[in-house]
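Working notes, structure below.
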Amino acid sequence: MVKIAPSILSADFSRIGEEIKMVEKAGADLIHIDIMDGHFVPNITFGPDFVKTIRKLTTLPLDVHLMISNPHDFIEKFANAGADWISFHIEASPHPHRLIYQIKNLGKKAGITLNPGTPIHFLNEILKDIDFVLIMSVNPGFGGQEFIPSSLPKIAQLSHWIKGKNLSIPVEVDGGVNINNCEELVRNGADILVSGSGIFHSPDPSETIKKMKKICERIEK
Ligand code: DX5
Ligand code: ZN
């Protein structure tokens, strides 16, 4: 089953409780939370206290995407704040294997994120150890950017590689995902669709989630 993960970066923060309830009711599977430090990416967003607040607003799993330098210093703080899925950028750490097990030992799902310019073969030695892969289809830092087309064959190759190894590691896609390209993404192997502006800036966000889910279900049949 393909999962839909609304990215609350594009939500209305002044009504964050209502926004969370709305996506939950519409059928969202995960809540995607973007953590930016103004160093690894040129933008600053949320810290562990914000994640703690969101934790109180929903029972959906919290998918925390760390776009930060020195991720090892913050993994425990985000885990304690209520994150369920935690991914970090492979470009941000020389010790991805250690970090994966740091996350897993905290009882959380461990993911590795790849920037658009990072090849999938960087995962070669650690693929079997990770719980999910997050493919960035924009350069991280901002919502509302355009999907980078070369991400599509990258997703297809990764999905093919995972299946060929008889592994079941979901491929999550983040950046420029919307109602118009979700079908193609799933056909090319995407298992989890992150969408920020594609959902929250659409005329009817709740309807958009429902439509995206329907499109995905149709492909799965
Ligand atoms: C970008 C973030 C994304 C962002 C996606 O750096 O990682 O999760 O919220 O936003 P859209 O869907 O608007 O491209
Ligand atoms: Zn993200």
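For this chain, numbers begin at 1 and follow the sequence in order. Atoms within each ligand, like the ligands themselves, are counted from 1 in listed order.
- Listed by number with element, the atoms of ligand 1 under 4.0 angstrom from any heavy atom of S195 are 12 (O).
- If you check which protein heavy atom lies closest to atom 2 (C) of ligand 1, you get D34 OD1, 3.4 Å.
- Atoms of ligand 1 found under 4.0 Å from any heavy atom of H65 (numbered from 1 in listed order, with element): 7 (O).
- With hydrogens and angles disregarded, no donor-acceptor distance shorter than 3.5 Å links the side chain of S93 to the backbone of I90.
- The shortest N or O to N or O distance between G196 and ligand 1 is below 3.5 Å.
- Annotation for ligand 1: atoms under 4.0 Å from non-hydrogen atoms of M36 are 6 (O).
- With N43 contributing its side chain and F142 its backbone, the two residues share no donor-acceptor pair below 3.5 Å.
- Checking only distances, G198 never comes within under 3.5 Å of ligand 1, N or O to N or O.
- With a 4.0 Å cut-off on non-hydrogen atoms, S7 touches ligand 1 through its side chain and not its backbone.
- Protein heavy atom in closest approach to atom 1 (C) of ligand 1: F142 O, 3.5 Å.
- At distances below 3.5 Å, not a single donor-acceptor pair connects side-chain atoms of S87 with backbone N or O atoms of I112.
- Using a distance-only test at 3.5 Å, with no hydrogens or angles considered, no donor-acceptor pair links the side chain of D63 to the main chain of L30.
- Within D174, the N, O or S atom at minimum distance from the Zn ion (ligand 2) carries the name OD2.
- Listed by number with element, the atoms of ligand 1 under 4.0 Å from a non-hydrogen atom of G175 are 14 (O).
- Considering backbone and side-chain N/O of S197, one or more are found under 3.5 Å from N/O of ligand 1.
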>> Evaluate V64 against L66 for side chain to side chain contact (heavy atoms under 4.5 Å, CB included), listing each step before the verdict.
In response: CA-CA 6 Å; V64 171; L66 299 178; 3.8 Å; yes
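- Interface atoms of ligand 1 facing G143, defined by a heavy-atom separation under 4.0 Å, are 10 (O), 13 (O).
- For the ligand labelled ligand 1, residue M67 lies inside the 4.0 Å heavy-atom shell.
- Considering backbone and side-chain N/O atoms, P140 never comes within less than 3.5 Å of an N/O atom of ligand 1.
- Remark: the backbone N or O of D73 is not paired with any side-chain donor or acceptor of N70 at under 3.5 angstrom.
- Within the listing of ligand 1, atoms 8 (O) sit less than 4.0 angstrom from a heavy atom of H32.
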> Can you check side chain to side chain contact (heavy atoms under 4.5 Å, CB included) on T113 and M136, steps first, answer last?
Replying inline: CA-CA 7 Å; T113 307; M136 288 309 299; 3.7 Å; yes
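- No hydrogens or angles considered: nothing links the side chains of S151 and S137 as a donor-acceptor pair under 3.5 Å.
- Looking only at its N/O/S atoms, D34 has OD1 as the one nearest to the Zn ion (ligand 2).
- A donor-acceptor pair is defined here as one N or O able to donate and one able to accept, closer than 3.5 Å; such a pair exists between the side chain of D37 and the backbone of S69.
- Looking only at heavy atoms of the protein, atom 14 (O) of ligand 1 is closest to G176 N, 2.8 Å.
- Without hydrogens or angle criteria, D174 side chain to V194 main chain gives no donor-acceptor distance under 3.5 Å.
- Here the shortest heavy-atom distance to atom 7 (O) of ligand 1, taken over L9, V177, D174, belongs to D174.
- When the Zn ion (ligand 2) is compared with the N/O/S atoms of H32, atom NE2 turns out nearest.
- Within H65, the N, O or S atom at minimum distance from the Zn ion (ligand 2) carries the name ND1.
- Closest protein heavy atom to atom 6 (O) of ligand 1: G141 N, 2.8 Å.
- One N or O on the side chain of K21 and one on the backbone of L57 form a donor-acceptor pair closer than 3.5 Å.
- Remark: side-chain polar atoms of E91 are not paired, donor with acceptor, to backbone N or O of L114 under 3.5 angstrom.
- Between the T45 side chain and the M36 main chain, a donor and an acceptor come within less than 3.5 Å of each other.
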